[in-house]
Amino acid sequence: MTVSIRDTRSAALYERALRYLPGGVNSPVRAMKSIGRDPIFIDRGQGAEMVDVDGNRYVDWVMSWGPLIHGHAHPDVLAAVQRAAEHGTTFGAATAGEVDLAEEVSRRMPSVEMLRMTSSGTEASMSAIRLARAATGREKLLKFAGAYHGHVDGLLAEAGSGLATQGIPSSPGVPAAATANTIIVPWNDSDAVRRAVAEHEFAAILAEPYPANMGLVPPADGFLELLREAATENGALLVFDEVITGFRVSSGGVQGMTNVLPDLTVMGKIIGGGLPAAAYGGRRTLMERVAPAGDVYQAGTLSGNPLAVAAGLATLALLDEQAYLRLAATTNALADGLQEAAGDRPLQIATAPGLLTPFFSEEPVRDYDGARGADHDAYARWCRALLARGVYAPPSPYEAWFVSTVHGPEHIERTVEAAAAAFAEIGS
Ligand SMILES: *Cc1c(COP(=O)(O)O)cnc(C)c1O
């Protein structure tokens, strides 16, 4: 049985939005084009649920793409933001909260002794690259196919043909010169990494240690260790983009979980607790190259914004050992439930504590080619059928599902039930 949702108000807003916003949205994935439907306009969120402008209610597995690890409108986070707002929303001057947050992040992330805050992950990765280039006196970057580090010119690069290739711009408007120093290597391909480091002198090897922007594709055994060795031998800095994984897969991100320590770490999403904040950090000697301690220029009007800092601190304060046990248990229960709902259909669920991706694929997905080879049309139909049944799954096959501390058995049950019905609707 095909089920559909009420969408009169969303449709009317979309029509207006198309007049003033490109594609009707402020960030592409929200348009829901890759699952073949129009965007849904959200009215409000509470805990693990969202309600759209037409009154449809959803279990939310997107959670603003990661920041909301305690769900929507968590009372502690709201109270912290309200308290901060009453004292003024921005000063462009130093505040105590920034020191508290930097100290807390440094306590959690093993390789981060010092950090600089920015307003977005894009800005943080752009700045980390600048610092890596300054520190090494080199320009080349190694990046993995399918990894996303924000819309930085030099990283909006696609692989050409061959195993490790010079990047070609993946968007019009990115100068070829901006990606000429970006070498692209397939994820989980140790030989390709070895060849690339034998051939080039890199400023940085840049990786999402658990890539989650081609869907979640965990590293093969020993692959992160290989990156660490390859960077050291090459004289490059190892930069982990933990914008998604930081404070999620463990208190100390992937580096806390694996003990593979990068030279620089890019953070975002959870660090701002649902408000715009991000950061890059590393050991003191490196970070003291950043102005005004050092000569590498980087600045931001709203960097370390008091509201975002308050939300980040309140969010981290709730992330204790219990919270991580709960996140891991909920992730496993969701993965088991989805697998069961799929029955005999080929569904490969990649998981890490706090996130997962169901690939409609016969084979486990190891790299970007594998992710691209999954059945995206089936995912699109399934995702539309889930939305119609009150489950807000990522409207793209290249994204992860984000688990929060406020998702519970009831949300899993509703999701698994809807998933089974959605599988039945789309056929095999
Ligand atoms: C979201 C994301 C970014 C970009 O962060 P923005 O705040 O959207 O600019 C960078 N890297 C990774 C791994 C991300 O998931």
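Both counts, for ligands and for their atoms, begin at 1 and track the order of listing.
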Heavy atoms only, cut-off 4.0 Å: how does [X] contact ligand 1, side chain, backbone, both, or neither?
X: Lys269; result: side chain
X: Val266; result: neither
X: His149; result: backbone

Pull out every atom of ligand 1 sitting under 4.0 Å from any heavy atom of [X], numbered as shown with elements.
X: Glu208; result: 13 (C)
X: Ser120; result: 7 (O), 9 (O)
X: Ile244; result: 15 (O)
X: Asn213; result: 12 (C), 13 (C), 14 (C), 15 (O)

Of the listed options Leu206, Thr122, Thr118, closest to atom 9 (O) of ligand 1 (non-hydrogen atoms):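 Going through Leu206, Thr122, Thr118 one by one, Thr122 has the nearest heavy atom to atom 9 (O) of ligand 1.
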Would Arg372 pass as a cation-pi partner of Tyr368, given that its NZ or CZ must be under 6.0 Å from the six-membered ring centre and within 45 degrees of the axis?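 Yes - Arg372 lies over the ring of Tyr368, closer than 6.0 Å to its centre and within 45° of its axis.
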Dump the intermediate steps for side-chain contact (heavy atoms from CB on, under 4.5 Å) on Met109 and Gln255, then the final yes or no. CA-CA 7 Å; Met109 299 295 278; Gln255 56 194 274; 3.6 Å; yes
What about Tyr148: any of its N or O atoms under 3.5 Å from an N or O on ligand 1?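 Yes, there is a polar N/O contact under 3.5 Å.
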Atom 7 (O) of ligand 1: nearest protein contact (heavy atom, Å):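 So the nearest neighbour among protein heavy atoms is Gly121 N, 2.8 Å.
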Atom 11 (N) of ligand 1: nearest protein contact (heavy atom, Å):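 For atom 11 (N) of ligand 1, the nearest protein heavy atom is Asp241 OD2, 2.6 Å.
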Salt bridge flag under 4.0 Å for residues Glu49 and Arg57: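 So Glu49 pairs with Arg57 through a salt bridge.
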For the pair Glu233 and Arg228, find out whether any cationic side-chain nitrogen is under 4.0 Å from an anionic carboxylate oxygen.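 Arg228 and Glu233: not salt-bridged.
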Can you list the steps and then say if Glu103 with Arg107 is a salt bridge (charged side-chain N to carboxylate O under 4.0 Å, His left out)? CA-CA 6 Å; Glu103 201 169 84; Arg107 197 178 66 72; over 6 Å; no
Reported CG-to-CG distance for the pair Leu237 and Leu131, which is rounded to 0.5 angstrom: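 So the CG of Leu237 and the CG of Leu131 are separated by 7.5 Å.
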Spacing of His70 atom NE2 and His407 atom NE2 [to the nearest 0.5 Å]: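 Going from the NE2 atom of His70 to the NE2 atom of His407 covers 13.0 Å.
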Audit row: Tyr210, Met257, side-chain contact (heavy atoms from CB on, under 4.5 Å) steps and yes/no: CA-CA 11 Å; Tyr210 268 61; Met257 199 167 71; 3.7 Å; yes
